[in-house]
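Any value given below was found using the heavy atoms of this structure, including those in side chains, with hydrogens, waters and symmetry copies removed.
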Amino acid sequence: LRIDSDGRLLLGITASSTLPDGFGSKFQIQGTSATSSSISITRNSDSADPSYITFGKSRGTSVGSNTAVADDDNLGDIDFKGSDGAGDFNLFAKIRASVDGTPGGTDAPGRLSFFTTADGGISNTEKLRITSGGVVNIGTNNLTQTTYRAQIETGTNRFISFGTAA
């Protein structure tokens with residue numbers, strides 16, 4: 001365990017690395033086995049409550065600020081990266097949470113997007129989106145534009161449709 005001069009917490013390494021994330025995260029773990037390169041969060045309580053990982057976002061410009069987010073702001077990403085053997089860690093897939101409408105005091109519209117990288121490439125593209133309205137869009141283009149997709153409606157008018165939609 002080491003804390004470097006920039007305040008980064010390092011486990012299993014003695015110097016900060018920018019390879020996996022490109023910017024040298026404040027908390028870094030490296031190892032050669034599942035036990036030396038894993039994180040486990042366990043909650044032991046006599047309740048149905050889980051453990052938590054929380055991603056927070058504010059449009060404020062100082063630490064501790066609390067300025068409202070806006071439509072299409074990205075709230076958090078989970079990136080899945082792998083080494084290419086030449087010194088880079090490329091992005092293979094991603095899960096992203098975003099604001100999906102205009103937020104307010106008691107209104108927090110969100111969406112989840114799933115990205116993958118095609119064979120032969122290193123750029124990921126959105127392949128699946130779950131909107132704040134519960135619509136599931138599946139496609140190979142920008143899912144906000146006209147695209148071939150599958151749409152699953154879970155509201156009062158339940159249906160599954162396939163084809164081109166605006």
Side-chain angles (χ1 to χ4, degrees), residues 3-4 6-11 16-18 20-29 38-81 89-118 122-166:
I3 298 176
D4 73 6
D6 290 321
R8 292 182 285 246
L9 177 61
L10 310 174
L11 295 172
S16 174
S17 173
T18 60
D21 59 22
F23 49 82
S25 294
K26 286 290 188 183
F27 179 48
Q28 299 180 29
I29 298 174
S38 299
I39 297 172
S40 175
I41 302 172
T42 304
R43 178 177 180 154
N44 295 296
S45 63
D46 187 14
S47 69
D49 298 324
S51 299
Y52 293 92
I53 297 176
T54 303
F55 297 87
K57 165 87 168 106
S58 166
R59 281 196 160 233
T61 58
S62 62
V63 174
S65 63
N66 186 10
T67 304
V69 293
D71 189 25
D72 289 326
D73 278 1
N74 297 322
L75 303 174
D77 285 0
I78 300 174
D79 290 348
F80 301 89
K81 293 185 172 187
F89 275 69
N90 294 315
L91 184 61
F92 285 69
K94 172 191 311 214
I95 301 170
R96 172 177 285 161
S98 304
V99 179
D100 196 31
T102 304
T106 59
D107 187 18
R111 72 173 173 265
L112 284 177
S113 299
F114 296 80
F115 298 75
T116 61
T117 303
I122 58 170
S123 297
N124 66 78
T125 55
E126 185 179 19
K127 298 296 191 308
L128 184 137
R129 176 182 290 193
I130 305 170
T131 70
S132 61
V135 175
V136 178
N137 295 321
I138 302 170
T140 58
N141 297 315
N142 182 340
L143 297 181
T144 62
Q145 305 296 320
T146 301
T147 183
Y148 186 81
R149 70 179 184 184
Q151 179 174 317
I152 303 169
E153 176 59 51
T154 59
T156 305
N157 301 317
R158 296 181 184 134
F159 64 88
I160 299 175
S161 65
F162 298 91
T164 303

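No hydrogens or angles considered: nothing links the side chains of Gln28 and Ser17 as a donor-acceptor pair under 3.5 Å. Under 3.5 Å, the side chains of Ser47 and Ser45 contain a donor-acceptor pair of N or O atoms.
Taken from CG in Asp107 to OG1 in Thr102, the straight-line distance is 8.0 Å, to the nearest 0.5 Å. Here the OG1 atom belonging to Thr117 is positioned 8.0 Å from the CG atom belonging to Asn90, to the nearest 0.5 angstrom. Put simply, CG on Leu128 and CZ on Phe115 are 10.5 Å apart, with the number rounded to the nearest 0.5 Å. One distance of note links CG of Asn124 with CG of Asp79; it measures 8.0 Å at 0.5 Å rounding. With values rounded to the nearest 0.5 angstrom, Arg129 atom CZ is found 7.0 Å from Asn137 atom CG. Expressed to the nearest 0.5 Å, how far CG of Asp100 lies from CG of Asp73 amounts to 12.0 Å.
Contact between Arg59 and Ala70 at its shortest, heavy atoms only, is NE-CB, 3.7 Å. The two residues Pro103 and Val69 come nearest to each other via the heavy atoms CG-O, 3.1 Å. The two residues Ser58 and Ser65 have their closest heavy-atom pair at OG-O, 3.6 Å.
When the options Arg96, Glu126, Lys94, Lys127 are evaluated for a side chain to side chain donor-acceptor pair (under 3.5 Å) with Ser113, the one that passes is Glu126.
At least one test fails for Lys81 against the ring of Phe89: distance under 6.0 Å to the centre or angle within 45° of the axis.
Residues Asp77 and Phe55 fail the side-chain proximity criterion, which asks for heavy atoms closer than 4.5 Å. Annotation: side chain of Ile41 is not in contact with side chain of Tyr52 (no heavy-atom distance under 4.5 Å). Taking the side chain as every heavy atom from C-beta outward, Val99 and Leu75 approach each other to under 4.5 Å.
In this structure a side-chain-to-backbone donor-acceptor pair under 3.5 Å is present from Asp4 to Asp6.
Classification of Asp72 and Arg111 as a salt-bridged pair holds, one side-chain N sitting under 4.0 Å from a carboxylate O.
Within 6.0 Å of the CD1 atom in Ile122, the count of heavy atoms belonging to other residues, nucleotides or ligands does not exceed 12.
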